[in-house]
**Student:** 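Below you'll find the structure I mean.
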Amino acid sequence: MFKKVLIANRGEIAVRIIQACRELDILPVAIFSEPDQDSKHVKLAAETWKLEGAPNQVYLDVEQIINIAKKCKAEAIHPGYGFLAENGDFADLCAKNDITFIGPSSDVIKMMGSKVESRRVMAKAGVPVVPGTTDPVTTVDEVKKLATEYGYPVAIKASAGGGGRGLRVVRKEEEVENALAGAVREGSSYFGSGEVYVEKYLDRPRHIEVQVIGDNHGNVVHLFERDCSSQRRHQKLLEESPAARLDPKVKAELLSSAVKGTKALGYSSAGTLEFLVEDDRFYFLEMNTRVQVEHPITEMVTGVDIVKEQIRVAAGMKLSFTQEETSQRGHSIECRVNAEDPNKNFLPNPGTIHNYVEPQHPWSRVDSACYPGYTVLPFYDSLLAKLVVWGKDREEAIARMRLALTDFIIEGVATTIPFHLALLDDPNFLSGEVTTNYVEKEMMKNWKELGPKYEKKNSQTLAKS
Ligand code: MV4
């Protein structure tokens, strides 16, 4: 097992990885930007190294990070999520310097980073993919021909894209030319590749993903599914496991398809296969080769520590459980408490938190890097805390989440807490009917009337406006 692991990240996920290291008797090494010098992950680490450079660049500075890892003699690097987590070239650079990258092989990272390639591999493995091309398209006529074949609407997507960037929905022929140009342009400017492909666009899908984990001894296990449909502009806000109202037969096929696809890759470490589910059919969308923000809800319903398993697998150990030993018990919900103002279109709201009290409830968990006096910085994402609850069923989990949100005190910045309280009262959410466009297209339309009711319910004091 490693003696020392460098965490190439910040915020709540760095704190989470430090905790996993401590449980494994591994010395956690933190790196930090100048404005992060008083951060929680710096306070908790056994060793800390300051990164020189611009705050919004330094966590991507591969040379500097590798040099620090060599200087402090860290045997491995955990990338967390975001930043370098799905950067195959960084994984190669670690290997070149005899440092273990805690994640899948660089080949698999690169393969899954190409949406076209990932669709091709999954289709070959017998995993249902969204109807569409497994080769890039380049001309307007090609797209029009495919759209006639699939029927409108279709999606034009950047192959190197993800998270909705480089995605254009085309509902009629006259939109094709602009949409193709837009997807190519966005793919080139955000991901360095203008390669695009076409899929049939599903208008009212649920976004359901499957957590998988593999080791270097040929074992692959799924850790069940998560429903991530409560999103706004491709930003997940609330996730839950299990997915409500999922037909048991569909669920069984979904889980076995995820394992089949993961085995076909010879995958090791934690990973997540994203699917769209519509009318009891499921379709592979893309695979994420990192630990995800929402991993705690899977930990809560399975009892598996996903981060510790990642580290153990990277050190060459077998998974500490088999599929037969894995079960899903109860219901877990995660609410992402962001420093964003639902009254201002979820505008990020950086500032200093002058009062911060986490709910101390028997069945709630808070993954956060916040503390009283913490300053939310504009250079990084707006996530303040992940509030996670467990209940024996969905109703109990919802009731517990309401209470935990109500008792969560954050003063000094506006947060998404009022939004979550409203969503947990929403009839469509309560019936488990939310699809990916519900929050943005339906629920937030009534926010003017809805919002004020929930500002009062939460005991936090809003940012001094
Ligand atoms: C789709 C889709 C429907 N049909 N593709 C692509 C990026 C990923 N994070 C979500 N994406 C989607 N791809 C096809 N063929 C629906 C989504 C989707 C989504 C799209 C627009 C706005 C919000 C969304 C939330 C989840 C899934």
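Every number for a ligand or one of its atoms is a count from 1 in the order of the listing. This chain uses plain numbering: 1 for the first residue, then up along the sequence. Computed from a predicted model, the values in this text were never measured in an experiment.
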**Student:** Is it true that K386 and E294 make a salt bridge, defined as a side-chain N closer than 4.0 Å to a carboxylate O?
**Tutor:** no
**Student:** Could you pull out every protein residue that has a heavy atom closer than 4.0 Å to ligand 1, ordered by chain and then number?
**Tutor:** V130, K157, G163, G164, E199, K200, Y201, L202, H207, Q231, H234, L276, L285, E286, T436
**Student:** Check E440 with R233, please: is the shortest side-chain N to carboxylate O separation under 4.0 Å?
**Tutor:** yes
**Student:** Taking NZ, NE, NH1 and NH2 as the nitrogens, is one of them in E396 or R400 under 4.0 Å from a carboxylate oxygen of the other?
**Tutor:** yes
**Student:** Apply side-chain contact (heavy atoms from CB on, under 4.5 Å) to L238 and L424, showing your working.
**Tutor:** CA-CA 10 Å; L238 177 149; L424 292 166; 4.1 Å; yes
**Student:** Do NZ/NE/NH1/NH2 and the carboxylate oxygens of E239 and R226 come within less than 4.0 Å?
**Tutor:** no
**Student:** Salt bridge or not for E12 and R16, using N-O below 4.0 Å?
**Tutor:** no
